[in-house]
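Just so we're on the same page: letters track the sequence lines, and every chain starts at 1.
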Number of protein chains: 2
Amino acid sequence: MTLDEAKQHLIQAWGTLGSSWGVSRTMAQVHALLLVSPVPMTTEDIMEALQISRGNVNMNVRDLMDWGIVRKVLKPGERKEFFEAEKDVWKIGMQIAKERKKRELEPIIRALDQVSTIEADITDPDVKQFAETVENLKKFANNTNNTLETIIKAEESMFWGSFFKLFK
Amino acid sequence: MTLDEAKQHLIQAWGTLGSSWGVSRTMAQVHALLLVSPVPMTTEDIMEALQISRGNVNMNVRDLMDWGIVRKVLKPGERKEFFEAEKDVWKIGMQIAKERKKRELEPIIRALDQVSTIEADITDPDVKQFAETVENLKKFANNTNNTLETIIKAEESMFWGSFFKLFK
DNA sequence: AAATACTTTCAAAATATTTTGAAAGTTCAA
DNA sequence: TTGAACTTTCAAAATATTTTGAAAGTATTT
């Protein structure tokens, strides 16, 4: 398998993985492409490599930056913008966990809290089952939230730990 | 908020959550509906509650059964099939983790292994970056896989633990 | 101030996914 | 064996999502 074949394989697989986790196929592919590139790429490089339009690249790169896993790089003397992906796989995982927690876990916790304000007769089996299920979902969601919080905090303090070591 | 309003809210929120995690909105809604129902429901009950077609209900219920979080219930003397959701939230979580591991994590690990068979000059920086990134992705994916495996196994042995206690 | 070199936006087009419903299939009782 | 009661399938229709590309916007140089 040549490098280009291998890259194509990986980009395809990453796109498929993305789309089964609710991330658009193309966004995942752009991410994979930047991930395996040894140097930052321009919009045109990406258009060329994935055969997609300028607008599409622009949009997906912006989303990846919103996720905090791709950065804009400006080269002195160049007008064009370059993009590079975070290469530390653990950091990528943490960043995605952090964002999904904020974007998807916290909203569902708020929705569950809302829905708990139901005022009704607890002797009605329908009401009872509902209240109980919601209560259990809340517990589970809060647990997940706290666990992630702990891991993310640990990760960040480890980062600052190594950061400060540089100055010892 | 009345029970019906609360149910509607929850079903909506669950649908939204599902679709941001790559599960079809309707499948998540059917799941939520069964989750808060105190009794098993028929295809027609579900059609009525969510205002969707028979074929749609049939398909989504089948998928939920494939995920192992909804069961078919046959009532003696009734021709119709009833469906009920697993109510134990922790079990639901474990079951989903188990399935996604099988359906999405393991395939990507295989893809990464495939892509590592690239035979090329390691002094080429392009090849080097690629090999390194793939290596790191593999480590991360295998780690995740093993962690899940451990949790699932622990969960299952706990289940068998409590199961056998019944016979003491 | 105008020209150049880019980036961003967004309505329309293309594509992908989901939904429908009627026909085919199945099961069971008479 | 037939027919009634149900479930499943799947091609076509509806809907949702993604993609395009050209126009508008922005920043920099001359």
Take atom [atom1] of [X] and atom [atom2] of [N], then tell me their distance rounded to the nearest Å.
| X | N | atom1 | atom2 | answer |
| --- | --- | --- | --- | --- |
| B/Leu50 | C/dT20 | CG | P | 10 Å |
| A/Phe82 | C/dT7 | CZ | C1' | 14 Å |
| A/Arg62 | C/dT9 | CZ | C1' | 8 Å |
| B/Met47 | C/dA22 | CE | C1' | 12 Å |
| B/Lys75 | D/dC6 | NZ | C1' | 16 Å |
| A/Phe83 | C/dC6 | CZ | P | 13 Å |
| B/Met59 | D/dA11 | CE | C1' | 14 Å |
| B/Gln29 | C/dT18 | CD | P | 13 Å |

Taking only side-chain N and O atoms of [X], does any of them lie within less than 4.0 angstrom of OP1 or OP2 on [N]?
| X | N | result |
| --- | --- | --- |
| B/Asn58 | D/dT7 | no |
| B/Arg54 | C/dA22 | no |
| B/Thr26 | C/dT19 | yes |

Residues A/Leu10 and B/Val134: closest non-hydrogen pair is CD2-CG2, 4.1 Å

Here the pair of heavy atoms bringing B/Ile152 nearest to B/Lys98 is CD1-CA, 3.7 Å

Nearest to the side chain of [X], which nucleotide is it out of [options]?
| X | options | result |
| --- | --- | --- |
| B/Glu81 | D/dT7, D/dT20, C/dT9 | D/dT7 |
| A/Thr43 | D/dT20, C/dT19, C/dT7 | C/dT7 |
| B/Ser24 | D/dT8, C/dT8, C/dT18 | C/dT18 |
| A/Asn60 | C/dC6, D/dT19, C/dT19 | D/dT19 |

What about B/Arg79: does its side chain form a donor-acceptor pair under 3.5 Å with the base of C/dT27?
-> yes

Please check: side-chain N/O of [X] versus main-chain N/O of [Y], any donor-acceptor pairing under 3.5 Å?
| X | Y | value |
| --- | --- | --- |
| A/Thr16 | A/Gln12 | yes |
| B/Thr133 | B/Gln129 | yes |
| B/Gln51 | B/Glu48 | yes |

Judged by nearest nucleotide, the residue sitting upstream toward the 5' end of DNA chain D, B/Lys72 or A/Asn56, is B/Lys72

Hey, does B/Arg25 reach any base, or is it just sugar-phosphate, or nothing, if we go heavy atoms under 4.0 Å? nothing

